[in-house]
Amino acid sequence: MRRAAVAAVGALALLSPAACGGADSEADQKDVEVFTWWADGGEKAGLDGLVATFDEQCDYSFVNGAVAGGAGSNAKQVLASRLQQGDAPDTFQAHAGAELSDYIAAGQVEDLSALYEEWGLTEALPSGLIDNLSVDGKIYSVPANIHRANVLWTNKSVLSDAGVTAEPTTMADFLAALETLKAKGVSAPLAIGKDWSQLMLLEAVLISDLGPEGFNGLWNGGTDWNSPDVAKGLENYKQLLSYTNADRDTYDWTDAGKLLMDGKAGFFLMGDWAPSDFEAKGFADFGHVAFPGNGDTFQWLADSFVLPQGAKNPEGTKCWLKTVGSAEGQQAFNIKKGSIPARTDVTATDYPAYQQSAIEAWKTATQVPSCAHGAACSQGAVEAANSAIGKFSSDQDAAGLQKAMAAAAALGRN
Ligand code: GAL
């Protein structure tokens, strides 16, 4: 829907009796409220790309329902209370995997299987991903992308000024590089944000220490959280945390990213939404490497959109979902967002260099799901893990963390 046409509809609605009634006015019927946590920087740029395609493809009007806060830290609470009060947005962002299963189990989202056939999505999307969007053979959301979580971003000048010339590929290399940075007076050798971003760091360490299969077992019950191997991983995590910014618990991921951009940190562990945010903020002096010891393991997560039960404008939502699943929508979104399209009919050379490498890695690497971003863990498990990791950030009690993570992971097996 073109803006001018929206404005015209709005003007007509002002003259109509329905305009007084609010909810049923013509303008409201055109509105599609899209609920995300993409409010700023690279995330907003990605959303804007998708909205531009929606405006071209759909005769509806985008209404931005974004609630700021990385990983949905604020948005998910607002969403839960809106859903409980019967005030669903027309669509909302949800992660593929266990997090989506929560909404499905609660009966809060509609079955989209028939639309998948109509739009050709069954062929366009990888079957493994569709499995993560399905329960009992029914598909409940449309994925926009695949992100990689286990990436270490670097400030090239900070590293070279400190004489760190080789990329760390093992935990030992990494600890040595962090020690060098510390000795050279870099205030936060490893930048990190609050709870969920610390959980990402713990997950990356456990991928290194347990290997991909052992790591998967943490979430599906195949690996004992109370084993000595996990205890060793937690010790490594504790050691790494000692090189991070002390005020980490008050930082969103963008604040931690700013430490890297400002040259106050040498490394930053974050998903690959980080580089598009750097670019949106004019920072280009960065490099990247898979988290040391993760080898070619690709820790994935996927953002998807749903049709909520009780959406006010289901036809408008369907047009949004069709846009999200379309080749044009995925390209406009992902080029800006830093992720790669969920669709497989992608021309890699249309994308910037980092995404080209991610497109290749997604095909060839060993895939493991992210807990912090809902692929492996239910919302209850993520919340319990975040609170355990936040507690550890201040009390440094590794045995307590091990016990609390075992309990959190048990909540996630649905
Ligand atoms: C994730 C989401 C990403 C990115 C990130 C930081 O949960 O899947 O797309 O937005 O949070 O906010």
Side-chain angles (χ1 to χ4, degrees), residues 34-51 64-79 91-100 102-103 129 132-133 141-151 153 191-201 203-204 251-258 260 268-281 298-306 324 329-330 332-342 354-355 358 362 369-379 381-383 385-386:
V34 177
F35 187 96
T36 70
W37 54 85
W38 298 329
D40 186 34
E43 296 183 315
K44 169 80 165 42
L47 180 61
D48 288 348
L50 199 46
V51 173
N64 194 348
V67 174
S73 44
N74 305 318
K76 284 180 180 173
Q77 289 169 29
V78 174
L79 178 65
T91 183
F92 62 83
Q93 173 189 356
H95 288 121
E99 179 183 308
L100 185 67
D102 287 348
Y103 297 115
L129 180 59
N132 279 282
L133 305 167
S141 77
V142 178
N145 65 354
I146 305 287
H147 265 304
R148 184 173 190 169
N150 56 335
V151 190
W153 306 95
I192 199 81
K194 66 180 177 185
D195 50 23
W196 63 268
S197 41
Q198 293 166 31
L199 179 58
M200 291 181 73
L201 179 61
E203 290 185 60
Y251 274 30
D252 205 338
W253 71 275
T254 41
D255 304 315
K258 191 166 184 309
L260 192 84
F268 175 42
L269 181 271
M270 191 42 60
D272 56 11
W273 46 89
S276 59
D277 201 59
F278 295 152
E279 273 151 30
K281 293 170 181 168
F298 186 122
Q299 191 186 27
W300 70 272
L301 57 118
D303 295 302
S304 72
F305 284 90
V306 298
V324 168
Q330 299 225 333
F333 174 67
N334 285 297
I335 280 192
K336 294 288 180 194
K337 183 71 165 63
S339 36
I340 62 173
Y354 168 77
Q355 280 143 298
W362 176 240
S370 156
C371 172
H373 302 283
C377 293
S378 68
Q379 195 47 32
V382 174
E383 280 163 23
N386 282 343

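Given the structure is predicted, the values throughout are model-derived calculations rather than measurements. Remember, it's 1-based here, ligands and their atoms both numbered in the order they're listed.
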Chemist: Give a yes or no answer on whether the side chain of Trp273 reaches the backbone of Glu43 with a donor-acceptor pair at less than 3.5 Å.
Modeler: no
Chemist: Can you tell me how far apart CH2 (Trp38) and NZ (Lys44) are? Round to the nearest 0.5 Å.
Modeler: 13.0 Å
Chemist: Closer than 4.0 angstrom, basic N to acidic O: yes or no for Lys76 and Glu99?
Modeler: yes
Chemist: To the nearest 0.1 Å, how far is atom 6 (C) of ligand 1 from its closest protein heavy atom, and which atom is that?
Modeler: Glu43 OE2, 3.0 Å
Chemist: Are any of the N/O atoms on Ala71, whether in the backbone or the side chain, positioned under 3.5 angstrom from an N/O atom of ligand 1?
Modeler: yes
Chemist: Could you identify the single nearest non-hydrogen protein atom to atom 5 (C) of ligand 1 and state the distance to 0.1 Å?
Modeler: Trp273 CE2, 3.4 Å
Chemist: I'd like to know if the side chain of Gln330 and the backbone of Val324 have a donor-acceptor N/O pair within less than 3.5 Å.
Modeler: yes
Chemist: Any N/O of Trp196 closer than 3.5 Å to an N/O of ligand 1?
Modeler: no
Chemist: Give yes or no for whether the N/O distance cutoff of 3.5 Å, strictly under, is met between Gln93 and ligand 1.
Modeler: no
Chemist: Only heavy atoms of His147, strictly under 4.0 Å: list the atoms of ligand 1 that pass.
Modeler: 3 (C), 9 (O)
Chemist: Which protein heavy atom lies closest to atom 1 (C) of ligand 1, and at what distance to 0.1 Å?
Modeler: His373 ND1, 3.3 Å
Chemist: So, regarding Trp38 and ligand 1 (criterion: nitrogen or oxygen to nitrogen or oxygen, under 3.5 Å), is there a contact or not?
Modeler: yes
Chemist: As an exercise, identify every atom of ligand 1 less than 4.0 angstrom from a heavy atom of Gly70.
Modeler: 12 (O)
Chemist: Ligand 1 versus Leu301, non-hydrogen atoms closer than 4.0 Å: side chain, backbone, both, neither?
Modeler: side chain
Chemist: Could you list the atoms of ligand 1 found under 4.0 angstrom from a heavy atom of His95?
Modeler: 1 (C), 2 (C), 7 (O), 8 (O)
Chemist: In the protein, what heavy atom is nearest to atom 2 (C) of ligand 1, and what distance, to one decimal place, separates them?
Modeler: Asp303 OD1, 3.4 Å
Chemist: What about Lys337: any of its N or O atoms under 3.5 Å from an N or O on ligand 1?
Modeler: yes
Chemist: Hey, is the main chain of Ala342 close enough, under 3.5 Å, to the side chain of Asn145 for a donor-acceptor pair?
Modeler: no
Chemist: Would you please indicate yes or no on a ring centroid separation below 6.0 angstrom for Trp300 and His373?
Modeler: no
Chemist: Should Ser339 and Asn334 be marked as a side chain to side chain donor-acceptor pair (under 3.5 Å) after you check the CA-CA gap, both sets of side-chain angles, and the distance that decides it?
Modeler: CA-CA 5 Å; Ser339 36; Asn334 285 297; 2.6 Å; yes
Chemist: Taking 4.0 angstrom as the limit and counting only heavy atoms of Trp253, give me the atoms of ligand 1 inside it, by number and element.
Modeler: 6 (C), 12 (O)
Chemist: Determine whether a donor-acceptor pair (N or O, by modelled atom type, separation under 3.5 Å) exists between the side chain of Asp252 and the backbone of Gly70.
Modeler: yes
Chemist: With a 6.0 Å cut-off on ring centres, are His95 and Trp37 close enough?
Modeler: yes
